[in-house]
Novice: 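The structure under discussion is supplied below as structure tokens; questions concerning it will follow.
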Amino acid sequence: MENKTENIPLHVAVIMDGNGRWAKERGLPRVKGHEEGAESVRAVIRAARDVGVKYLTLFAFSSENWKRPQSEIDALMSLLVRFLKQNEHELHENKIRLRSIGRIADLPQNVRDELDRVIQNTASYTDYQLILALSYGGRAEIVDAVRKIAFKVKDREIMPEEIDEKLISSNLYLSDVPDPDLLIRTSGEMRVSNFLLWQISYAELYITPVMWPEFREEHFKQAIMEYGKRRRRFGNIE
Ligand code: FPP
């Protein structure tokens with residue numbers, strides 16, 4: 001696909017689903033699905049940069065994922081650390097800034113250390129951002145924002161009448177990141193699963209039956225092409 005600047009979404013968010021089913025279909029352990037899924041993460045980061053998507057947010061671990069067996073949680077955490085170690089150079093080569101959203105304090109110390117290290121090392125890049133949602137829940141993010149606002153009201157920094165949509169947006173985890181224009185979900189499930197609830201109000205949805213471990217560059221570019229054909233009206237008329 002040629003790199004056209006018009007109709008390229010500024011921000012793409014992805015619910016990476018289907019790792020477990022992909023593995024099961026092949027008689028493999030679930031962790032193999034996650035490992036292959038990490039390859040798709042690499043491919044999609046590259047494809048997003050290639051077409052000019054400035055912000056890419058990936059749902060890597062939800063607040064609900066803590067309910068999975070400890071062995072799977074441990075495997076996902078090790079995979080994340082390995083991914084960060086093995087791919088940091090690619091972030092530098094492509095000048096991609098890494099950021100995270102979620103209740104990061106819930107993550108094991110070694111994951112937090114590695115994450116902090118790469119976040120610090122890439123903090124000066126301004127063109128592209130890769131945002132990993134970790135221990136993330138959309139409702140929890142809204143709860144955290146409401147709490148921050150409540151404290152400001154209590155401290156008389158703001159008046160209750162001043163609470164509006166802009167103020168709520170500015171108290172979410174990353175207030176400087178624009179709302180996603182496109183939300184991609186793999187594996188065919190028709191759900192938003194507590195992902196970026198506030199921010200996806202006007203996002204275009206793209207749901208594909210392709211399982212995440214098989215979702216690669218061409219699939220991502222297909223989604224971008226499909227987005228390019230959509231008419232976004234934001235509640236207005238044409
Ligand atoms: C959903 O598949 C995926 C996850 C719970 C985690 C996503 C993690 C990765 C893609 C691997 C590594 C991530 C990074 C950032 C390196 P599922 O297990 O829910 O699949 P299922 O619905 O088929 O069981």
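Side-chain atoms are counted along with the backbone in the values below, which use heavy atoms only and exclude waters and symmetry mates. Start at 1 and go down the list; that is how both ligands and their atoms are numbered.
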Novice: Taking only heavy atoms of Phe83 into account, list the atoms of ligand 1 that are under 4.0 Å away from them.
Specialist: 16 (C)
Novice: Would you say Asn121's side chain and Val118's backbone share a donor-acceptor pair under 3.5 angstrom?
Specialist: no
Novice: Counting non-hydrogen protein atoms only, what is the nearest one to atom 13 (C) of ligand 1? Give residue, atom name and distance.
Specialist: Val41 CG2, 4.2 Å
Novice: What part of Trp212 sits under 4.0 Å from ligand 1 if we count only heavy atoms: the side chain, the backbone, both or neither?
Specialist: side chain
Novice: Using heavy atoms and a threshold below 4.0 Å, how should the contact between Met211 and ligand 1 be classified: side chain, backbone, both, or neither?
Specialist: neither
Novice: Indicate the atoms forming the closest heavy-atom contact of Pro213 with Asn19, along with that distance.
Specialist: CD-OD1, 3.4 Å
Novice: What part of Arg68 sits under 4.0 Å from ligand 1 if we count only heavy atoms: the side chain, the backbone, both or neither?
Specialist: side chain
Novice: Based purely on interatomic distance, does Asn19 place a nitrogen or oxygen under 3.5 Å from a nitrogen or oxygen of ligand 1?
Specialist: yes
Novice: Check the orientation of Tyr136 and Tyr173. Use parallel for under 30°, tilted for 30 to 60°, and perpendicular for over 60°.
Specialist: perpendicular
Novice: Surrounding NZ of Lys32 (heavy atoms of other residues, nucleotides or ligands, distance under 6.0 Å), is the total greater than 12?
Specialist: no
Novice: When you compare ligand 1 with Phe59, is there at least one nitrogen or oxygen pair between them that comes in under 3.5 angstrom?
Specialist: no
Novice: Could you work out, for atom 6 (C) of ligand 1, the closest of Gly33, Ser62, Ala75, Ala60 by heavy-atom distance?
Specialist: Ala60
Novice: With atoms numbered from 1 as shown, which atoms in ligand 1 lie under 4.0 angstrom from a non-hydrogen atom of Arg21?
Specialist: 21 (P), 22 (O), 23 (O)
Novice: With atoms numbered from 1 as shown, which atoms in ligand 1 lie under 4.0 angstrom from a non-hydrogen atom of His34?
Specialist: 11 (C), 18 (O)
Novice: Under a 4.0 Å heavy-atom limit, does Leu58 contact ligand 1 with its side chain, its backbone, both, or neither?
Specialist: neither
Novice: What atoms of ligand 1 come closer than 4.0 angstrom to any heavy atom of Gly20?
Specialist: 17 (P), 18 (O), 20 (O), 21 (P), 23 (O), 24 (O)
Novice: Could you state whether Leu58 and Leu10 fall into the same hydrophobic cluster, counting links through intermediate Ile, Leu, Val, Met, Phe, Trp or Tyr residues with side-chain heavy atoms under 4.5 angstrom apart?
Specialist: no
Novice: Starting from atom 12 (C) of ligand 1, find the nearest protein heavy-atom neighbour and note its residue, name and distance.
Specialist: Leu79 CD2, 3.9 Å
Novice: List the closest protein heavy-atom neighbour of atom 1 (C) of ligand 1: residue, atom name, distance to the nearest 0.1 Å.
Specialist: Met16 O, 3.0 Å
Novice: Any atoms of ligand 1 less than 4.0 Å from a non-hydrogen atom of Asn65? List them with their elements.
Specialist: 5 (C)
Novice: Would you indicate whether the side-chain heavy atoms of Val111 and Pro108 approach each other to under 4.5 Å?
Specialist: yes
Novice: Looking at side-chain heavy atoms only, is the closest gap between Ile45 and Glu90 below 4.5 Å?
Specialist: no
Novice: What are the atoms of ligand 1, with element, lying closer than 4.0 Å to any heavy atom of Arg30?
Specialist: 17 (P), 18 (O), 24 (O)
Novice: Taking C-beta and beyond as the side chain, do His11 and Thr57 meet within less than 4.5 Å on heavy atoms?
Specialist: yes
Novice: Decide yes or no for Asp113 and Gln109: does some side-chain heavy atom of the first lie under 4.5 Å from some side-chain heavy atom of the second?
Specialist: yes
Novice: Any side-chain heavy-atom pair from Tyr128 and Leu91 closer than 4.5 angstrom?
Specialist: no
